[in-house]
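This report refers to the structure that appears directly beneath it.
Worth saying up front: this structure is predicted, and the values here are computed from it rather than measured. All heavy atoms count here, side chains included; hydrogens, waters and symmetry mates do not.
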Amino acid sequence: MERRKILKNKAYLYLTEFFAGMSVMAVELGASRLLAPYFSSSQIVWTIVIGTIMIAMALGNIYGGRSADKNPDPDRLYKRMILAAIWIGLIPVLGKYIIMGISAVMIFSVNSNFLIWAAFASCMIIFVFPLFLLGTVTPSLVKYAVNDLEDNGKTVGFLNASNTIGSIIGTFVPTFVTIPAVGVSVTFLIFAAILLLLAIIYFASGKQKPVRALVGVIVIAVSCIVGHKDSFAFWEDDLTFEGESIYNYLQVREDDHAVYLSTNVLFGVQSVYVKDQSLSGMYYDYAMAAPFMAGVHEKDSMDVLILGMGTGTYATQCDRYFDNVAMEGVEIDQDITDLAVEYFHLSEDVPVYTYDGRAYLNAVDKTYDVIMVDAYQDITIPFQMSTEEFFTMVKDHLNPGGVMVINMNMRGSEEGNINQYLSDTVSSVFSEVYTVDCKNNTNRELFASNNPDMIDTFYKNVTLEDNADLVDMMDTVKRDLEMYVPGDYRMTDDKAPVELLGMRVIDDLIADEVTYYKGIYEEEGLQGLLDEVR
């Protein structure tokens with residue numbers, strides 16, 4: 001056929017392989033970011049994304065090879081690429097609604113491992129088909145490119161190299177360029193457009209204009225208009241800010257009382273700024289006990305380090321209530337630090353270093369009176385900041401009498417839950433470990449020190465405090481504070497199953513929340529449920 005002339009020098013085949021490999025990786029990274037606001041960005045979610053994509057690619061390889069043997073017409077491949085482009089182009093418009101629909105069904109039908117099943121089902125429905133189609137590219141191109149056996153090894157090698165190089169570039173471009181610059185939705189549209197353009201060029205070379213290509217152009221054009229404007233939290237209509245960074249989905253909202261940061265849609269608030277400059281009403285208030293335990297009113301100055309600075313809620317409160325505290329923050333996401341200054345009134349006098357918390361401790365020799373570890377976010381607990389080796393590093397960066405405070409944001413009731421693992425691990429490093437459960441949420445604060453007089457120091461320094469609200473808060477801490485009795489659950493750099501442990505607690509939390517709504521559904525049906533959630 002005349003249109004096959006474009007493939008005769010094989011350059012276009014290599015180009016097709018290159019952009020197919022690039023698109024597969026771009027879709028994979030986009031998949032993880034599309035799912036993260038709803039299911040977290042934990043290793044579990046990544047495993048599901050990678051696993052389902054490998055399933056799709058394997059099936060595509062098998063089908064593509066068989067199809068090419070039966071009918072080695074390149075038209076069939078490029079028509080499949082148009083279909084893949086159309087599907088990928090629809091993801092920004094429909095993807096988030098599909099995820100929420102699947103979640104709504106799963107939450108009433110799955111009793112355990114909700115995150116795994118909901119994320120897996122979402123991946124299967126949204127991403128398997130287009131990646132199955134892209135999986136047909138390599139075996140099809142091998143069929144079209146190999147003309148004789150003398151250079152078949154060279155040809156296949158060049159095809160695989162083209163795919164691999166495209167995959168490498170497709171790994172870096174979304175992460176460092178397109179997602180931070182224009183977001184996940186536009187990233188999907190960019191790579192859908194690339195696939196569609198490849199097919200259009202192919203068919204145009206033979207003076208053909210297949211209807212699928214026209215449909216693809218229309219779909220991507222419509223998605224460009226409406227797809228990237230949808231919020232991840234599409235039911236919210238009054239967000240102050242919504243965006244994406246290299247690491248996170250970011251959402252800022254505010255009301256008359258406060259400004260809030262969420263780095264996901266379904267799992268609560270990560271930072272808050274109270275407009276009347278009172279206490280936050282959240283776990284940060286309980287964590288204010290740490291400076292008292294370290295003797296804040298007995299020292300001329302106190303150094304506080306916050307690992308997981310967020311937008312600086314804890315730093316702002318310490319600055320507000322203590323005039324002798326110097327603070328430093330470590331936050332891996334620079335965009336969150338920018339939001340801290342713009343929306344959360346973080347003082348520009350507080351230095352914030354864009355670093356991983358553990359890597360920062362590795363890089364500095366300075367010691368502190370208080371180190372707050374606030375890097376645990378729903379199920380996304382960085383394993384490298386949950387191990388015996390990490391807590392030993394924290395201990396080595398504390399001054400004599402220094403205190404570590406950890407925000408553990410998921411309380412579990414079963415034996416061997418995530419908080420028990422964390423607490424036992426801390427207890428293997430520190431001699432004094434106390435915990436307090438925060439009221440009205442699932443957070444637990446843990447205080448640790450090697451100062452045997454930590455609690456006496458706490459009581460003494462609270463008596464020296466003259467702010468009535470803070471004293472009342474510390475009285476609450478006193479009343480509920482408990483000495484932790486350690487067990488044998490420990491995590492090390494070699495073995496720290498934080499994702500699985502966190503998932504179990506998430507399942508419990510979801511089950512508790514859903515029980516009420518399940519009862520309404522069973523008694524009043526779907527209409528009663530809809531009336532309740534309105």
How many angstroms lie between [atom1] in [X] and [atom2] in [Y], if you round to the nearest 0.5 Å?
| X | Y | atom1 | atom2 | result |
| --- | --- | --- | --- | --- |
| Arg490 | Thr492 | CZ | OG1 | 10.5 Å |
| Asp285 | Asn443 | CG | CG | 11.0 Å |
| Met288 | Met293 | CE | CE | 12.5 Å |
| Asp374 | Leu307 | CG | CG | 9.5 Å |
| Phe120 | Thr52 | CZ | OG1 | 7.0 Å |
| Phe292 | Phe458 | CZ | CZ | 7.5 Å |

Judged by atom type as modelled, is there a donor-acceptor pair below 3.5 Å linking the side chain of [X] to the main-chain atoms of [Y]?
| X | Y | result |
| --- | --- | --- |
| His297 | Lys460 | no |
| Tyr273 | Thr316 | no |
| Asp437 | Arg444 | no |
| Ser449 | Gly402 | yes |
| Asp255 | Ala258 | yes |
| Gln251 | Ser262 | no |
| Ser32 | Trp46 | no |
| Ser122 | Ile99 | no |
| Asn450 | Ser431 | yes |
| Asn461 | Thr457 | yes |

More than 12 non-hydrogen atoms from neighbouring residues, nucleotides or ligands closer than 6.0 Å to [atom1] on [X], yes or no?
| X | atom1 | result |
| --- | --- | --- |
| Lys366 | NZ | yes |
| Phe172 | CZ | no |
| Asp488 | CG | no |

If only side-chain N and O atoms count, and only distance matters, is there a donor-acceptor pair under 3.5 Å linking [Y] with [X]?
| X | Y | answer |
| --- | --- | --- |
| Asn407 | Tyr286 | no |
| Ser301 | Asn324 | no |
| Ser278 | Asp276 | yes |
| Gln277 | Tyr321 | no |

Shortest non-hydrogen contact between [X] and [Y], atoms and distance:
| X | Y | value |
| --- | --- | --- |
| Ala375 | Pro382 | O-CD, 3.3 Å |
| Ala287 | Tyr314 | O-OH, 2.8 Å |
| Pro174 | Thr178 | CA-OG1, 3.1 Å |
| Val429 | Thr392 | CG2-OG1, 3.6 Å |
| Asp369 | Leu398 | O-CD2, 4.1 Å |
| Ile88 | Ala192 | CG2-CB, 3.9 Å |

Subject >> Steps toward salt bridge (charged side-chain N to carboxylate O under 4.0 Å, His left out) verdict (Glu254, Lys275) >> reply: CA-CA 10 Å; Glu254 62 180 299; Lys275 293 181 178 179; 2.9 Å; yes
Can you tell if the side chain of [X] reaches within under 4.5 Å of the side chain of [Y], non-hydrogen atoms only?
| X | Y | value |
| --- | --- | --- |
| Leu90 | Phe188 | no |
| Met408 | Ser423 | yes |
| Tyr360 | Glu328 | yes |
| Gln317 | Leu279 | yes |
| Leu361 | Arg358 | no |
| Glu465 | Phe322 | yes |
| Leu446 | Tyr434 | no |
| Ile406 | Leu422 | no |

**OP:** Evaluate the side chain to side chain contact (heavy atoms under 4.5 Å, CB included) criterion for residues Met404 and Phe447: first the C-alpha distance (whole Å), next the side-chain angles of each, then the deciding distance (0.1 Å), finally the verdict.
**Re:** CA-CA 6 Å; Met404 174 183 70; Phe447 304 92; over 6 Å; no
Output side-chain donor-acceptor pairs under 3.5 Å for residues 344-354, partner residues at least two apart or in another chain, one line each.
unit_1 : atom_1 : unit_2 : atom_2 : d
Ser347 : OG     : Asp349 : N      : 3.1
Thr354 : OG1    : Gln334 : OE1    : 2.5

Per-pair distances, 0.1 Å, donor-acceptor, side chain in residues 476-487, under 3.5 Å, sequence neighbours excluded:
unit_1 : atom_1 : unit_2 : atom_2 : d
Thr476 : OG1    : Asp472 : O      : 3.3
Tyr484 : OH     : Asp424 : OD1    : 2.6

Original post:
For Thr175 and Leu29, what are the C-alpha separation, side-chain angles and deciding distance, and is it a side chain to side chain contact (heavy atoms under 4.5 Å, CB included)?
Top reply: CA-CA 7 Å; Thr175 299; Leu29 290 164; 3.6 Å; yes
**OP:** Kindly say whether the aromatic ring centers of Tyr343 and Tyr260 come within a distance under 6.0 Å.
**Re:**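 No, ring centres 6.0 Å or more apart.
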**OP:** Go through the steps to decide whether Val274 and His257 satisfy the test side chain to side chain contact (heavy atoms under 4.5 Å, CB included), and finish with yes or no.
**Re:** CA-CA 6 Å; Val274 181; His257 172 65; 3.6 Å; yes
**OP:** Classify the ring geometry between Tyr421 and Tyr489 as parallel (under 30°), tilted (30 to 60°) or perpendicular (over 60°).
**Re:**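 Tilted.
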Subject >> Residue among Asp338, Leu339, Leu250, Thr263 satisfying side-chain contact (heavy atoms from CB on, under 4.5 Å) with Ser245 >> reply: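 Single pass found, and it is Leu250.
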**OP:** Carefully, step by step, assess Met372 and Val304 under the rule side chain to side chain contact (heavy atoms under 4.5 Å, CB included).
**Re:** CA-CA 8 Å; Met372 183 182 191; Val304 175; 5.6 Å; no
